[in-house]
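In what follows, a structure is listed as structure tokens, so that the remarks can point back to it.
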Amino acid sequence: MEQSGEGQLVVVATPIGNLGDLSPRALQVLTNADVVYCEDTRRSRTLFSAHGLSPKSPLQSLHEHNEAERCAQVIERVRAGQLVALVSDAGTPGISDPGERVVAAVAQAGLTVTGVPGPSAVVAALSISGLASERFVMEGFLPRKGSERQRRVESWDLEARTVVFYESPQRLGATLAELAARWPTRAAVVARELTKLHEETARGTLSELAARYGHHEPQGEIVVVLAGVVVSRAVDDDEIQRALARAFEEGASTRDAVDEVAAALGVARRHVYQLALERTDDED
Ligand code: SAM
């Protein structure tokens, strides 16, 4: 962070469980800030007092219900030269937490926004998942039900990147069962209570994980990491076409050929069906 004396908004990451994960620089910024905006002032006060940190001025709230109206106030303070810090209850503000709007507003006003990076459950889970981490997609919390959820899940049929999402303990079992019904053998990791006393990382196929968490509802906070579709489309489409051709030669109906090839190659039925339709179009 530049100590230029000019006002700025500093987005400060705080621990996702283990208090020791508050960085020295985060402590420094929170101590020096003219004002600290918090998702929940009581939660932040607990964190700050655990670190013997006394903010310069009373903590201000900034949560999903007042973020829009707080923007003007934050802009005014930054413009007046203040060092304004923003924290959420845990992890990095703006990541499935308030912050995005105020950051956008301050940036749009041409003012400086900077950050003290640190814990975030999405990165913490991905980094210990053992699944491909070079390219990933963060889905936040899934819509609870309805067509939006359906569309989101369907879009992972062909998702080559690793998928990460947050889930509640009450819904974990049902969500894993829903995903396992679609892709039983797809690899996934459930990361629970990261950095805390009862931290647990469960790895397996979706079927295995659905069975594990179908029996008992876990406690605590959870991130699910789902493997991307592992195959390269270019190579695979040829392979799928060859398998379809063989099935058709043996007299299979489109439906049977698609089922057979999807199961044999472990690829999404929807994709195989699409390729089967393309074959039929070509033959017309
Ligand atoms: N801003 C936070 C971040 O950067 O990770 C995320 C806030 S979001 C409201 C809270 C969700 O993050 C939880 O419901 C859980 O899915 C996930 N989460 C937070 N802390 C976690 C932890 N210690 N272990 C596993 N998941 C966690």
Side-chain angles (χ1 to χ4, degrees), residues 1-127 136-141 143 164-166 195 221 223:
M1 187 191 67
E2 292 169 33
Q3 301 283 352
S4 61
E6 276 178 20
Q8 55 187 297
L9 171 65
V10 191
V11 178
V12 181
T14 59
I16 56 169
N18 191 316
L19 291 181
D21 291 339
L22 189 72
S23 74
R25 200 160 78 84
L27 265 170
Q28 186 204 338
V29 169
L30 293 169
T31 307
N32 294 339
D34 294 299
V35 60
V36 182
Y37 283 85
C38 314
E39 182 180 4
D40 178 342
T41 52
R42 278 170 307 175
R43 290 274 301 260
S44 297
R45 204 166 290 124
T46 309
L47 173 71
F48 294 175
S49 46
H51 283 276
L53 188 163
S54 17
K56 273 191 185 170
S57 64
L59 300 178
Q60 301 294 314
S61 72
L62 189 148
H63 43 69
E64 60 174 324
H65 304 296
N66 72 357
E67 184 169 2
E69 65 211 51
R70 286 291 197 222
C71 288
Q73 201 181 86
V74 172
I75 289 172
E76 205 177 299
R77 286 178 183 274
V78 175
R79 205 168 260 144
Q82 292 195 1
L83 177 61
V84 178
L86 173 70
V87 297
S88 60
D89 285 353
T92 302
I95 307 302
S96 296
D97 261 348
E100 178 186 314
R101 256 191 204 175
V102 70
V103 165
V106 173
Q108 265 159 28
L111 299 165
T112 304
V113 181
T114 180
V116 178
S120 188
V122 51
V123 173
L126 178 69
S127 67
F136 69 97
V137 52
M138 168 54 169
E139 293 278 14
F141 287 97
V164 189
F165 61 94
Y166 291 157
T195 77
E221 299 191 281
V223 183

Practice problem: Would you check, one step at a time, whether the test side chain to side chain contact (heavy atoms under 4.5 Å, CB included) holds for Val102 with Arg70? | Solution: CA-CA 8 Å; Val102 70; Arg70 286 291 197 222; 5.7 Å; no
Practice problem: Kindly compute the distance separating SG (Cys71) from CD (Gln108), expressed to the nearest 0.5 Å. | Solution: 9.5 Å
Exercise. For Asp40 and Ser61, test the side chains for any donor-to-acceptor distance below 3.5 angstrom and give the result as yes or no.
Key: no
Quiz item: Got a second to check how far Phe48's CZ is from Thr14's OG1, nearest 0.5 Å?
Solution: 8.0 Å
Self-check item: Any donor-acceptor N or O pair under 3.5 Å, side chains Asn18, Thr195
Solution: no
Quiz prompt | Shortest non-hydrogen separation from Gly7 to Thr112 and the atoms involved | solution = O-CB, 4.1 Å
Self-check item: Pairing residues for Ala68 by the side chain to side chain contact (heavy atoms under 4.5 Å, CB included) criterion, not counting sequence neighbours
Solution: Arg101
Practice problem: Could you verify whether a donor N or O on one side chain and an acceptor N or O on the other, from Gln73 and Tyr37, lie under 3.5 Å apart? | Solution: yes
Self-check item: Sequence-distant partners of Val123, side chain to side chain contact (heavy atoms under 4.5 Å, CB included), two or more places apart
Solution: none
Practice problem: Return yes if some donor-acceptor pair links the side-chain N/O of Glu67 with the main-chain N/O of Gly99 below 3.5 Å, else return no. | Solution: yes
Exercise. Nearest 0.5 Å please: distance from the CD1 atom of Ile95 over to the CE atom of Met138.
Key: 7.0 Å
Quiz item: Given the rule in the side chain to side chain contact (heavy atoms under 4.5 Å, CB included) test, do Arg42 and Thr46 qualify, once you have shown the distances and angles that lead to the verdict?
Solution: CA-CA 6 Å; Arg42 278 170 307 175; Thr46 309; 5.5 Å; no
Self-check item: For the student: nearest non-hydrogen atoms of Leu22 and Ala13, plus distance
Solution: CD1-O, 4.0 Å
Self-check item: Salt-bridge contact Lys56-Asp34 (side-chain N to carboxylate O under 4.0 Å)
Solution: yes
Quiz prompt | Donor-acceptor pair, side chain of Ser44 and main chain of Thr41, under 3.5 angstrom | solution = no
Quiz item: Heavy-atom distance under 4.5 Å between the side chains of Val11 and Thr114, does that happen here?
Solution: no
Practice problem: Determine the minimum heavy-atom distance between Ala90 and Ile16, stating which atoms define it. | Solution: CB-CA, 4.2 Å
Quiz item: Under 3.5 Å, side chain of Glu39 to main-chain N/O of Asp89, donor-acceptor pair present?
Solution: yes
Self-check item: Closest non-hydrogen atom pair between Arg77 and Val35, with its separation
Solution: CD-CG1, 3.6 Å
Quiz item: Do you know which two heavy atoms are closest between Thr92 and Gly118, and how far apart they sit?
Solution: OG1-O, 3.9 Å
Quiz item: What do the steps show when you test Val103 against Leu9 for side chain to side chain contact (heavy atoms under 4.5 Å, CB included), and what is the final call?
Solution: CA-CA 8 Å; Val103 165; Leu9 171 65; 4.2 Å; yes
Quiz item: When rounded to the nearest 0.5 angstrom, what distance separates CD in Glu6 from CG in Leu111?
Solution: 9.0 Å
Self-check item: Separation of Leu86 CG from Gln60 CD (nearest 0.5 Å)
Solution: 12.5 Å
Quiz prompt | Straight-line distance of Gln8 CD to Leu83 CG, nearest 0.5 Å | solution = 6.0 Å
Exercise. Output yes when a side-chain donor or acceptor of Asp97 lies under 3.5 Å from a complementary backbone atom of Gly94, and no otherwise.
Key: no
Quiz item: Which heavy-atom pair separates Tyr166 from Val122 by the least distance, and what is that distance?
Solution: OH-N, 3.2 Å
Quiz item: Hey, is the main chain of Leu53 close enough, under 3.5 Å, to the side chain of His51 for a donor-acceptor pair?
Solution: no
Quiz item: With distance as the sole test, does Ser23 use its side chain to make a donor-acceptor pair with the main-chain N or O of Ala26 at under 3.5 Å?
Solution: yes
